[in-house]
Asker: 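Can you read through this structure? Questions will come right after.
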Amino acid sequence: MFVYDKTFDVIVIGGGHAGCEAALASARLGASTLLITQNLDTVAQMSCNPSIGGIAKGQIVREIDALGGAMGKVTDAAAVHYHMLNTGKGEAVWSPRVQCDKKIYQYTYKHFLELQPNLHIIQDEAKNIVLTDNAVTAVDTLRQTRYKTKTVVVTPGTFMKGTVHIGKLMLEGGRYNDVASNYLSRSLAECGIKIGRMKTGTPMRINGRTVDFSKFTPQPSDNPYTPMSVFNRPEDKKFLQCYIARTTDKTAEVLKEHMFESALYSGNIHSIGPRYCPSIEDKAVKFPENKHHPLFLEPEGLNTEEYYIQGFSTSLPEYVQYELLKSVPGLENAQIVRAGYAIEYDYADPTCLNAALEVKTVPGLFFAGQINGTTGYEEAGGQGLMAGLNAALKAQGRPPFVLRRDQAYIGVLIDDLITKGVNEPYRMFTSRAEYRIILRTDNADLRLSGLAIELGSLPAEYAKPFAAYKAAVENLLKNPEAAIDETDLSPWSLSAAKNTAAVQRKYAGYLERNLKDAKALANADKIVIPEGFDVAAVKGILIESSQKLAKIRPSTLGQAGRIPGITPADLQLIAIHIEKFRRAKNEVKN
């Protein structure tokens with residue numbers, strides 16, 4: 001075996017959205033970073049829908065942007081259609097969604113990686129994680145190369161023992177026609193990680209030349225539009241149109257007749273798929289009274305006629321997929337260019353992680369993305385960024401960077417994963433956040449960019465204009481007519497400051513209540529469970545509580561309280577025993 005002569009601070013395994021953000025974040029902190037991916041031409045591949053953002057997902061992208069991540073900037077570079085969702089409701093749940101040219105998106109992300117100082121990228125397959133005294137020390141690859149490292153971030157997406165399903169056809173693959181990673185799961189299991197199986201899917205892609213768009217409802221882009229990244233300004237763009245259609249009674253008949261041929265219902269698939277993004281056959285079984293499901297035709301790029309049909313995900317045989325298309329007015333003559341399919345893959349129980357996304361029992365090993373049981377580019381990107389930052393911080397001997405539930409949707413996401421675990425693919429919604437009036441799209445920078453500048457994930461050059469922007473918002477809250485010099489704020493804008501101030505005035509009463517509750521949460525999270533204190537052994541708590549605490553091993557009293565089934569009485573007892581433990585420890589010292 002060839003041993004590479006350099007020891008990296010961080011190795012990132014996998015080049016999807018989580019891997020890209022992890023590698024970039026680590027390198028931005030000055031950590032020497034290696035990204036290992038099977039195919040550099042599919043870095044940040046939009047394997048499913050060609051869009052970024054959506055309900056709560058758009059907020060996550062804004063948070064990634066505020067923390068110095070790339071996803072928002074890449075999205076704007078590849079954008080072909082902008083739409084702000086939920087504008088009929090309050091600003092607390094407004095969510096941006098952007099259709100992208102998938103190839104421009106993919107190659108823009110790749111270029112970001114190539115340009116990033118401290119980052120080395122290599123096309124190879126990670127095969128084995130090497131431990132010494134139960135801590136990470138190296139990664140071995142398929143090409144028989146050993147790369148030494150202080151930390152590893154694992155972001156394999158759907159590739160770990162991936163199996164593609166189209167009807168009764170079963171093929172190995174992380175995506176259709178992409179080689180699965182068949183070694184990494186075993187290596188992780190040997191590290192003591194509990195491995196399970198999950199399922200997701202994708203619809204057929206069709207040739208737009210064969211579609212009668214006159215039968216659909218057009219959905220034009222927002223114009224003027226708001227860029228996904230605060231560091232970008234609106235510019236003249238060529239926008240493409242999306243379209244809305246619906247399934248019919250005939251669609252329901254086809255599904256009923258061929259349901260037994262679906263991989264999902266034939267017995268070939270045993271794992272659970274995403275509840276909130278079900279296949280069309282799943283919809284037919286679970287909602288038999290609804291025969292007219294919405295479909296969204298979304299263009300895949302500027303220089304292709306390929307369209308993605310959101311809402312038509314399926315694992316039925318290809319000939320049945322043609323029957324489904326014929327049942328929808330406007331798609332009767334549509335030609336499939338890529339068949340829809342389902343995919344099963346390995347994931348790890350995320351309760352094995354601490355709040356930094358580090359495996360509790362294996363120092364230096366971090367997980368991010370679908371390996372943690374999530375679904376979606378945005379959830380993956382947010383986790384990747386946090387795992388990359390924390391891997392770099394660990395390598396540098398610095399304390400971890402953790403976001404609370406009142407600070408970011410990313411904080412909600414990670415806290416949900418590590419305290420509650422998953423029994424189906426996890427998707428973020430605004431309803432998962434208790435403090436969504438605080439966690440808006442318009443104020444992600446005010447919540448997070450100051451932290452990012454202090455940490456080093458946003459360049460120091462932004463410190464002065466960000467401070468000016470923050471002051472502008474505060475001045476506008478006191479006096480909406482305050483005179484402010486916009487040149488001091490760039491890349492932030494005066495219009496953004498005015499908008500945020502207006503929203504905060506509108507929600508003033510609710511914000512005050514939310515901030516009071518958030519302070520109580522922060523105080524509970526400040527009560528750290530001391531090292532050596534066995535929280536599961538506290539006398540008087542419920543047996544069920546003891547079992548859950550032993551499994552999760554929470555790091556703070558606040559986290560313990562968020563474990564399902566832990567009662568207020570349990571928390572009171574734990575708090576009392578923590579105080580006794582600390583006193584006893586201090587007496588021994590003295």
Asker: Mind checking the CG-OG1 spacing from L365 to T151? Nearest 0.5 Å is all I need.
Answerer: 9.5 Å
Asker: Identify the residue among K551, K420, R197 that makes a salt bridge (Lys or Arg N to Asp or Glu O under 4.0 Å) with D349.
Answerer: K551
Asker: Got a sec, which residues hit salt bridge (charged side-chain N to carboxylate O under 4.0 Å, His left out) with D570, two or more places apart in sequence or on another chain?
Answerer: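 Per chain and number, D570 pairs via salt bridge (charged side-chain N to carboxylate O under 4.0 Å, His left out) with no residue.
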Asker: Return yes if a side-chain donor-acceptor contact under 3.5 Å exists between T500 and N443, otherwise no.
Answerer: no
Asker: Are the side chains of T200 and Y345 in touch, meaning some heavy atoms are under 4.5 Å apart?
Answerer: yes
Asker: How about Q559 and I418: do any of their side-chain heavy atoms sit closer than 4.5 Å?
Answerer: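 With C-beta onward as the side chain, the pair touches.
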Asker: Test salt bridge (Lys or Arg N to Asp or Glu O under 4.0 Å) on D488 and K464 and set out the steps.
Answerer: CA-CA 8 Å; D488 294 339; K464 196 171 179 180; over 6 Å; no
Asker: Would D76 and N232 count as a side chain to side chain donor-acceptor pair (under 3.5 Å) if you check the C-alpha gap in whole Å, the side-chain angles of each, and the deciding distance to 0.1 Å?
Answerer: CA-CA 8 Å; D76 286 330; N232 290 329; 2.9 Å; yes
Asker: Under the criterion salt bridge (Lys or Arg N to Asp or Glu O under 4.0 Å), I'd like the reasoning laid out for D517 against R405: C-alpha separation, chi angles, the key distance, then a yes or no.
Answerer: CA-CA 11 Å; D517 293 342; R405 296 180 73 91; over 6 Å; no
Asker: Would you say the side chain of R447 lies within less than 4.5 Å of the side chain of R62, judging by non-hydrogen atoms?
Answerer: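 No; the side chains remain at least 4.5 Å from each other.
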Asker: Which of these, V152, V153, T155, sits in a side-chain contact (heavy atoms from CB on, under 4.5 Å) with I13?
Answerer: V152
Asker: Taking atom CD of E579 as the centre, does the number of heavy atoms from other residues, nucleotides or ligands within less than 6.0 Å exceed 12?
Answerer: yes
Asker: Parallel, tilted or perpendicular: which one describes the rings of Y109 and F112, with boundaries at 30° and 60°?
Answerer: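 The arrangement is perpendicular - the two ring planes meet at more than 60°.
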Asker: Does the D406 side chain pair with the main chain of L521, one donor and one acceptor, at a distance under 3.5 Å?
Answerer: no
Asker: Can you measure from CG (L511) to NZ (K506) and round to the nearest 0.5 angstrom?
Answerer: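 So the gap between those two atoms works out to 11.5 Å.
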Asker: Quick one: CD on Q99 to CG on N49, what's the gap to the nearest 0.5 Å?
Answerer: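 Output value for this atom pair is 7.5 Å.
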Asker: Between CE of M71 and SG of C20, what distance do you get to the nearest 0.5 Å?
Answerer: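 The SG atom of C20 is 8.5 Å from CE of M71, to the nearest 0.5 Å.
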Asker: According to ring-ring contact (aromatic ring centres under 6.0 Å, His included), who are the partners of Y377, at least two apart in sequence or on a separate chain?
Answerer: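 Applying ring-ring contact (aromatic ring centres under 6.0 Å, His included) to Y377 gives H17.
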Asker: For residues Y507 and V503, determine if any side-chain heavy atom of one lies less than 4.5 Å from a side-chain heavy atom of the other.
Answerer: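 Result yes, sub-4.5 Å side-chain heavy-atom pair found.
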Asker: Looking just at side-chain N and O atoms, do R436 and T430 make a donor-acceptor pair shorter than 3.5 Å?
Answerer: no
Asker: Going by atom types alone, do Q59 and S95 pair a side-chain donor with an acceptor below 3.5 Å?
Answerer: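 The criterion, which ignores hydrogens and geometry beyond distance, is satisfied for S95 and Q59.
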Asker: Please check if any side-chain donor atom of N354 sits under 3.5 Å from a side-chain acceptor atom of S555, or the reverse.
Answerer: no
Asker: Is any side-chain heavy atom of L119 less than 4.5 Å from a side-chain heavy atom of L113?
Answerer: yes
Asker: If you round to the nearest 0.5 Å, how far is CD of Q383 from CZ of F367?
Answerer: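 F367 atom CZ to Q383 atom CD measures 12.0 Å (nearest 0.5 Å).
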Asker: Rounded to the nearest 0.5 Å, what's the gap from CG on L385 to CG on N390? Could you check?
Answerer: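 Rounded to the nearest 0.5 Å, the CG-CG separation comes to 9.5 Å.
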Asker: D525 and T556: side-chain donor and acceptor closer than 3.5 Å?
Answerer: yes
Asker: Can you tell if the side chain of P278 reaches within under 4.5 Å of the side chain of K286, non-hydrogen atoms only?
Answerer: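 No - every pair of side-chain heavy atoms lies 4.5 Å or more apart.
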Asker: Verify, without hydrogens or angle tests, whether T419 (side chain) and I563 (backbone) share a donor-acceptor contact under 3.5 angstrom.
Answerer: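 Side chain of T419 to backbone of I563, a donor-acceptor pair under 3.5 Å: no, none is there.
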Asker: Tell me whether the NZ or CZ atom of R404 lies within the 45° cone about the ring axis of Y435 and under 6.0 Å from its centre.
Answerer: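 Pair R404/Y435 does not count as cation-pi.
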Asker: Answer whether the closest heavy-atom distance between the side chains of M198 and V422 falls below 4.5 Å.
Answerer: yes
Asker: Under the salt bridge (Lys or Arg N to Asp or Glu O under 4.0 Å) criterion, do E474 and K470 qualify, and how do the steps go?
Answerer: CA-CA 6 Å; E474 290 168 357; K470 191 175 179 182; 5.1 Å; no
Asker: Do T361 and R553 have side chains that get closer than 4.5 Å, going by heavy atoms?
Answerer: yes
Asker: Could you check whether atom CD of E461 has more than 12 heavy atoms from other residues, nucleotides or ligands sitting under 6.0 Å from it?
Answerer: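 Yes, because the 6.0 Å sphere around CD of E461 holds more than 12 heavy atoms from other groups.
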Asker: Which one of I410, L458, L67 satisfies the side-chain contact (heavy atoms from CB on, under 4.5 Å) criterion with L448?
Answerer: L67
